[in-house]
Amino acid sequence: MLSAFDLGSEPIAPDKEKALAYKQNCARGIKQTDLDVNNVKARLLLGGDFGWDGRQARYVVPNLGPGEPEVSSIFAGGIWLGGVDPTGNLKLAAQEYGFGFGKEDFWPGPLTENGATDSETCENWDRFFTVTSEDIDLHLMQYWNSQKENTTYNIADIPKAIKEWPGLGNEFFFEQFGFHLPTVPQGLASFWDHNEDGIYTPQYGDYPVFSMRGCGSYRYADQMTFWIINDAGNIHTQTGGDAIQMEVQAQSFAFATDDPLNDMTFTHYKMVNRAPESINDTYFGLWLDPD
């Protein structure tokens with residue numbers, strides 16, 4: 001495994017000739033955020049990797065106060081995804097240390113039904129969407145109070161993070177960000193659909209939840225962060241592999257508790273193949289450089 005001292009200081013430029021021939025030319029995702037509600041402070045990135053900032057380890061356990069010495073149990077991590085198309089050609093997207101060198105196989109944002117994207121879409125989706133249990137508790141209290149009083153829930157009172165949640169059909173999303181949510185199948189961020197209308201309508205009692213098999217469809221964590229990446233936004237300078245045209249909807253979440261859950265983080269990855277053909281013999285895994 002490489003260490004922080006192996007990364008060097010000079011980024012490795014992608015193949016310029018190949019980059020010029022590529023039509024979509026998305027820029028790398030630059031936003032970072034931390035999942036930090038409990039005894040873990042885990043760095044999240046928008047390039048298929050996590051647990052570091054591109055230079056330093058950032059999966060910190062225990063999560064101490066400002067100014068305290070930090071120890072990370074992971075130096076870096078990333079997702080690896082590959083398979084073959086119907087004619088036997090290998091398709092591959094796998095992030096490793098490339099972020100530290102300006103090399104990537106993933107870019108921000110969703111894909112169209114034809115498996116395409118563009119630089120504006122990638123730039124718009126260079127962001128994370130985070131909500132806390134405090135946001136949801138306040139939202140639900142206000143909603144149920146309006147129901148008890150037989151009044152309309154005042155939209156201005158809906159917490160900002162609830163309005164920003166990228167649930168399918170969220171009518172407040174454009175007002176918050178200035179671009180529209182996609183309407184392609186397979187949905188977006190998970191939510192409890194209180195009125196069962198198929199779209200995210202928080203003014204009618206809908207709220208964000210996490211998605212995990214066997215955990216029910218209505219649960220929420222103390223902190224939840226959602227983002228979308230794809231492997232079709234540019235050439236794969238990390239692996240040199242051919243694009244799968246895969247959209248990856250990711251959600252990390254954590255619980256602040258007084259039991260072992262307090263030392264854990266969870267991430268749910270939803271894979272949506274937007275290519276016109278199937279991908280066979282597909283494997284998905286996590287690459288880790290633990291410390």
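Between the side chains of Thr112 and Asn114, no donor-acceptor pair is found at a separation under 3.5 Å. Counting only N and O atoms by type, the side chains of Glu247 and Gln249 include a donor and acceptor under 3.5 Å apart. There is no side-chain donor-acceptor pair under 3.5 Å between Ser119 and Asn25. Judged purely by distance below 3.5 Å, without hydrogens or angles, the side chains of Asp263 and Asn39 pair a donor atom with an acceptor atom.
The hydrophobic clustering, which links ILVMFWY residues whose side-chain heavy atoms are closer than 4.5 Å, places Val61 and Val37 apart. Both Trp144 and Phe191 are members of a single hydrophobic cluster when ILVMFWY side chains are connected at heavy-atom separations under 4.5 Å. Residues Val272 and Ile229 do not share a hydrophobic cluster, clusters being chains of Ile/Leu/Val/Met/Phe/Trp/Tyr side chains in contact below 4.5 Å. Cluster annotation: Ile244 and Val84 are assigned to distinct hydrophobic clusters (Ile/Leu/Val/Met/Phe/Trp/Tyr, side-chain heavy-atom contacts under 4.5 Å, transitive). Linking ILVMFWY residues whenever their side-chain heavy atoms come closer than 4.5 Å, directly or via other members, leaves Phe179 and Leu111 in distinct clusters.
A distance of 8.0 Å separates OG1 in Thr130 from CG in Leu35, rounded to the nearest 0.5 Å. Taking CD of Glu96 as the reference point, atom CG of Asp105 lies at 10.5 Å (rounded to 0.5 Å). The OG1 atom of Thr132 lies 8.0 Å from the CD atom of Gln223; values are rounded to the nearest 0.5 Å. The distance from the CD atom of Glu171 to the CD atom of Gln203 is 4.5 Å, given to the nearest 0.5 Å. Rounded to the nearest 0.5 Å, atoms NZ (Lys41) and CG (Asn63) are 5.5 Å apart. Interatomic distance, CG of Asp53 versus CZ of Phe99, reported as 7.5 Å (0.5 Å rounding).
Nearest heavy atoms, Pro108 versus Arg28: CD-C, 4.4 Å. Counting all heavy atoms, side chain and backbone alike, Val40 lies closest to Met264 at CG2-N, 4.1 Å. Across every non-hydrogen atom of Ser252 and Leu44, the tightest pair is OG-CD2, 3.7 Å. Of all non-hydrogen atoms in Trp227 and Arg127, the two that sit nearest each other are CB-O, 4.0 Å. Across all their heavy atoms, Ala232 and Gln245 have their closest contact at CB-CA, 4.1 Å. For the residue pair Ile162 and Pro208, the shortest heavy atom distance occurs at CD1-CD, 3.8 Å.
Proximity of the aromatic rings of Phe129 and Trp165 is defined here by a centroid distance below 6.0 angstrom, and this criterion is not met. Annotation: Tyr97 is not in aromatic contact with Phe101 [ring centroid separation under 6.0 Å not met]. Aromatic pair Tyr153/Tyr204: centroids not less than 6.0 angstrom apart.
Other residues, nucleotides and ligands contribute over 12 non-hydrogen atoms within 6.0 Å of the CD atom of Glu149. Annotation for Glu120: atom CD does not count as buried by contact number, only 12 or fewer foreign heavy atoms lying within 6.0 Å.
A donor-acceptor pair under 3.5 Å is absent between the side-chain atoms of Glu277 and the main chain of Pro86, judged by distance alone. Side chain of Thr257 to backbone of Asn262: a donor-acceptor contact under 3.5 angstrom is found. Looking only at distances, no side-chain donor or acceptor of Glu164 sits under 3.5 Å from a matching main-chain atom of Phe172. Although no hydrogens or angles enter the test, the distance criterion places a donor-acceptor pair under 3.5 Å between the side chain of Asp193 and the main chain of Asp197. Proximity of a side-chain donor or acceptor of Glu104 to a complementary backbone N or O of Gly47 within less than 3.5 Å is not detected.
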Requested in this report: Might you work through the side-chain hydrogen bond (donor to acceptor under 3.5 Å, both in side chains) test for Thr121 and Asp118, ending with a clear yes or no?
Outcome: CA-CA 5 Å; Thr121 299; Asp118 55 50; 3.0 Å; yes
Query raised in the report: Can you list the steps and then say if Thr117 with Trp107 is a side-chain contact (heavy atoms from CB on, under 4.5 Å)?
Result: CA-CA 10 Å; Thr117 187; Trp107 296 268; over 6 Å; no
Requested in this report: Decide side-chain contact (heavy atoms from CB on, under 4.5 Å) for Leu138 and Ile136; before the verdict, give the C-alpha distance in whole Å, the side-chain angles of both, and the deciding distance to 0.1 Å.
Outcome: CA-CA 5 Å; Leu138 174 61; Ile136 299 172; over 6 Å; no
Report task. Under the side-chain contact (heavy atoms from CB on, under 4.5 Å) rule, what do Ile158 and His139 come out as? Steps first, then yes or no, please. Result -> CA-CA 6 Å; Ile158 300 175; His139 166 59; 4.2 Å; yes
Requested in this report: Assess whether side-chain contact (heavy atoms from CB on, under 4.5 Å) is satisfied between Tyr200 and Leu168, documenting all intermediate values.
Outcome: CA-CA 6 Å; Tyr200 180 61; Leu168 187 66; 5.8 Å; no
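Contact of the Tyr269 side chain with the Leu81 side chain is not registered, since no non-hydrogen atoms from C-beta on lie closer than 4.5 Å. Side-chain contact between Asp242 and Leu92 is absent, with no heavy-atom pair separated by less than 4.5 Å. Looking at Arg58 and Glu70, their side chains come closer than 4.5 Å, going by heavy atoms from C-beta outward. Side-chain contact between Asn280 and Thr282 is absent, with no heavy atoms from C-beta onward closer than 4.5 Å. Between Asn230 and Trp125 the shortest side-chain heavy-atom distance does not fall below 4.5 Å.
Ring geometry, Tyr143 versus His194: the interplanar angle exceeds 60°, so the pair is classed perpendicular (tilted spans 30 to 60°).
With respect to Phe210, the ring-ring contact (aromatic ring centres under 6.0 Å, His included) criterion is satisfied by exactly one of Phe226, Tyr220, Phe253: Phe253. In summary, of the residues considered (Thr265, Asp258, Asp259), a side chain to side chain contact (heavy atoms under 4.5 Å, CB included) with Leu261 occurs for Asp259 alone. Between Phe75 and the options Phe50, Trp287, Trp52, a ring-ring contact (aromatic ring centres under 6.0 Å, His included) holds for only Trp52.
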Indicate every side-chain donor-acceptor pair of residues 180-190 with a distance under 3.5 Å to a residue at least two apart or in another chain.
unit_1 : atom_1 : unit_2 : atom_2 : d
Gln186 : OE1    : Arg274 : NH1    : 2.6

